[in-house]
Amino acid sequence: MTRFSAWSVFWNGLTNQMGWKPQWRTPELKADYDVVIVGGGLHGLATAYYLAKNHGISKIAVLEKGWLGGGNAGRNTTIVRSNYVMPGNREFYERSLKLWENLSFDLNYNVMFSQRGHVTLLHSPEAIDAAARRYNTMRLTGSDAEIWSLEELKRNIPHLNYAADARFPIFGAAVQRRAGTARHDAVVWGYARAADKRGVEIIQNCEVLGVTRENGHITRLETSRGNVGVKKVGFAVAGNTSLLWEMAGLGTLPIESHILQAFVTEPVKPLLDQVLVFGVGGANFYMSQSDKGGLVFGGDIDWYKSYAQRGNLPIVQDVAECALSIMPCLGRVRLLRHWGGVVDMSMDGSHFICKTPLDNLYLNAGWNYGGFKASPGSGWYFSDLIANDRPHSDIVNHDLKRFERGHTIDERGAGPDPKLHG
Amino acid sequence: MIRIPCPFCGERDHSEFHYGGDGSITYPALDAPTEDWLNAVYQRKNIRGVQIETWHHVNGCRMWLLVERDTITHEIHLVRAAHDGVDGVLKGRT
Ligand SMILES: Cc1cc2nc3c(=O)[nH]c(=O)nc-3n(C[C@H](O)[C@H](O)[C@H](O)COP(=O)(O)OP(=O)(O)OC[C@H]3O[C@@H](n4cnc5c(N)ncnc54)[C@H](O)[C@@H]3O)c2cc1C
Ligand SMILES: [Zn+2]
């Protein structure tokens, strides 16, 4: 496959763009593989890429029941940040952010990573104190973090609702400048292309329907394209994790599937340079402006469990109200589209990258709202786990037994109720 | 909007209700082994299909309800009061 370069863009410009080839192959499913990753979202593709690149494993297949990026990978609001502070999460998300910073170069694919800054509005002096504690933790552990005074915030984003009689007056903001957004589809395609180039076989329209076990060991997977023998298996199926888990005969998980929606407005001229977050009393709202000009909104999950990839109306109203309360100038902007994705909400809001009761099955799940930013880190740590059959020291507590040990990793302090972990 | 037929108030938008969660959980005795508590608090069936769940009619009669709902289609199959006592009263009335 040809590498992208300024020259290839220039040359194809001169030759009617006729020189581009498909970016990855469409292989048939083979009889067996060393590693089979179930799920062709970002986590599955990134894992396959790092398995080949960092660990030299060559017989790898990624099985995707639909098309690449048809799941949450292509449905998210593309926010990337590392402002997590719980031990384990801190190291994990910081590594992921560092991988993002070099990703376009590493993949030879422009993922349009834009470090435009992530600004969380704060609405009381106490909120500033709490944010200062979190953001100081970040500074002490190799990240960037700032607290903006009201004056500084006004200088940077002049058109927010600064009215003193607002229901929630703005007092300041917590800022991570290295955070931002990326083009989600490009990340999917970039990982797929780079993995394929290293020999990974990506099989689309291939649904895993059954798991055959012998003595605590998976011997093969039954798929809609026939059976496949496996040495090692990784599940990376986000909202469908419980279904695969049951297929493997493993019972229940500390995970519930919920619906999270995203929204985009008609395009407008450049209006917002940063990612903006507004949240009071647990409610959650965030927005950014895409390169096409649309304002991208996200809010809370729909509150009830759901496997339907579409959301409901109360959240549309919620999100619109939040948008207007912080940026009243949006009053006449119309929403163009909204859609939903099935997210794997865990019992403490943190993820699982871990071994399982079966000796050659590995689990990657529990991404809640936050698995887009996690993608490079997730692929990096999960491939390390699969290749070496032991967790990296940063993620030893991201296993299924942490609840048994009383070691929950609960950033929000919301307790064991998945719908509360935004 | 999902429409939930509250046995006390009639059919209402789901935005009048607060979602509780998995209604199939029975909490073990206080002195039950830790494992039973672990399962009740942390492990979920996460059914794709019809499941039983709790909803609280906060902006209505304020009763807790047990609702059978399909997690793919959101079709509601059965609604009854979550407390046996109240359910009994309802049944006696009909
Ligand atoms: C509306 C929305 C907004 C979000 N916003 C953000 C954000 O701003 N920032 C952020 O960090 N995160 C965000 N997220 C979360 C993030 O998108 C997810 O956590 C992440 O994409 C999940 O990992 P994935 O890409 O591998 O999942 P998916 O893309 O869902 O991949 C899983 C794949 O597995 C496949 N699969 C399932 N079952 C089978 C089977 N039996 N056989 C074969 N294949 C199967 C599915 O078809 C799917 O393609 C958001 C999510 C949603 C829904
Ligand atoms: Zn009622």
Side-chain angles (χ1 to χ4, degrees), chain A residues 237-247 250-259 300-318 340 342-350 352 365-366 400-408 410 415-421, chain B residues 1-6 11-28 32-60 64-79 82:
Chain A
V237 292
N240 287 305
T241 306
S242 296
L243 306 179
L244 265 294
W245 198 248
E246 197 141 293
M247 267 181 225
L250 292 170
T252 58
L253 276 174
I255 290 178
E256 281 186 3
S257 296
H258 284 257
I259 198 80
D300 279 312
I301 51 177
D302 274 29
W303 291 115
Y304 52 82
K305 256 190 61 188
S306 173
Y307 277 96
Q309 281 177 312
R310 61 182 188 282
N312 217 323
L313 295 170
I315 297 291
V316 182
Q317 182 173 353
D318 252 32
V342 184
V343 286
D344 35 339
M345 304 296 290
S346 71
M347 281 291 163
D348 59 358
S350 290
F352 306 100
L400 289 165
K401 296 229 157 125
R402 65 175 178 259
F403 303 108
E404 208 171 307
R405 296 194 301 273
H407 194 125
T408 55
D410 189 344
D417 188 347
K419 67 177 182 293
L420 301 180
H421 293 290
Chain B
M1 198 73 80
I2 302 174
R3 301 271 289 171
I4 300 177
C6 174
E11 190 180 284
R12 300 296 176 89
D13 284 355
H14 85 270
S15 54
E16 282 189 14
F17 298 78
H18 176 83
Y19 182 66
D22 196 326
S24 71
I25 301 166
T26 35
Y27 287 100
T34 319
E35 208 182 303
D36 295 358
W37 274 101
L38 188 77
N39 284 336
V41 176
Y42 291 109
Q43 297 293 119
R44 292 291 177 268
K45 283 210 191 88
N46 202 15
I47 293 168
R48 186 175 193 271
V50 179
Q51 71 160 14
I52 189 133
E53 55 196 21
T54 57
W55 290 79
H56 187 195
H57 199 181
V58 246
N59 295 319
W64 277 96
L65 307 174
L66 280 171
V67 177
E68 262 181 32
R69 181 181 61 98
D70 191 314
T71 58
I72 314 167
T73 62
H74 304 327
E75 206 179 333
I76 306 263
H77 293 282
L78 194 95
V79 183

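Not measured: the values here are computed from a predicted model. Here is the naming used below: chain letters follow the sequence lines, and residue numbers restart at 1 for every chain.
By the neighbour-count criterion of 12 heavy atoms within 6.0 Å, atom CD of B/Glu11 is densely surrounded, having more than that number from other residues, nucleotides or ligands.
Counting heavy atoms from C-beta outward, A/Glu404 and B/Tyr42 have side chains that stay 4.5 Å or more apart. Taking 4.5 Å as the limit, every side-chain heavy atom of B/Arg44 sits out of range of all side-chain heavy atoms of A/Pro254. Two residues are said to be in side-chain contact when any heavy atoms from C-beta on lie closer than 4.5 Å; A/Tyr304 and B/Thr71 fail this criterion.
Annotation for A/Tyr307 and B/Ile72: closest pair CB-CG1, 4.4 Å, computed over non-hydrogen atoms. For B/Gly20 against A/Lys419, the heavy-atom pair with the smallest separation is O-NZ, 2.8 Å. When every heavy atom of A/Leu313 is checked against every heavy atom of B/Met1, the shortest pair comes out as CD1-N, 4.3 Å.
Side chain of B/Gln43 to backbone of A/Thr252: a donor-acceptor contact under 3.5 angstrom is found. The backbone N or O of A/Ser257 sits less than 3.5 Å from a side-chain atom of B/Asn46, completing a donor-acceptor pair. In terms of modelled atom types and a separation under 3.5 Å, the side chain of B/Arg69 and the main chain of A/Lys305 share a donor-acceptor contact.
Chosen from A/Ser346, A/Pro416, A/Gly251, the residue pairing most often with chain B at heavy-atom distances under 4.5 Å is A/Pro416. For chain B, the option among A/Met347, A/Arg310, A/Glu246 with the highest count of heavy-atom pairs below 4.5 Å is A/Met347.
Using a 4.5 Å cut-off between heavy atoms, B/Thr34 makes no contact with chain A at all. Interface remark: B/Gln51 contributes side-chain atoms only to the contact with chain A (heavy atom separation under 4.5 Å). At a 4.5 Å heavy-atom cutoff, the contact between B/Trp55 and chain A is made by side-chain atoms alone. Both the backbone and the side chain of A/Ile255 come within contact range of chain B, each with at least one heavy atom under 4.5 Å from a heavy atom of that chain.
Taking CG from A/Asn312 and NE2 from B/His14, the interatomic distance works out to 4.5 Å, rounded to the nearest 0.5 Å.
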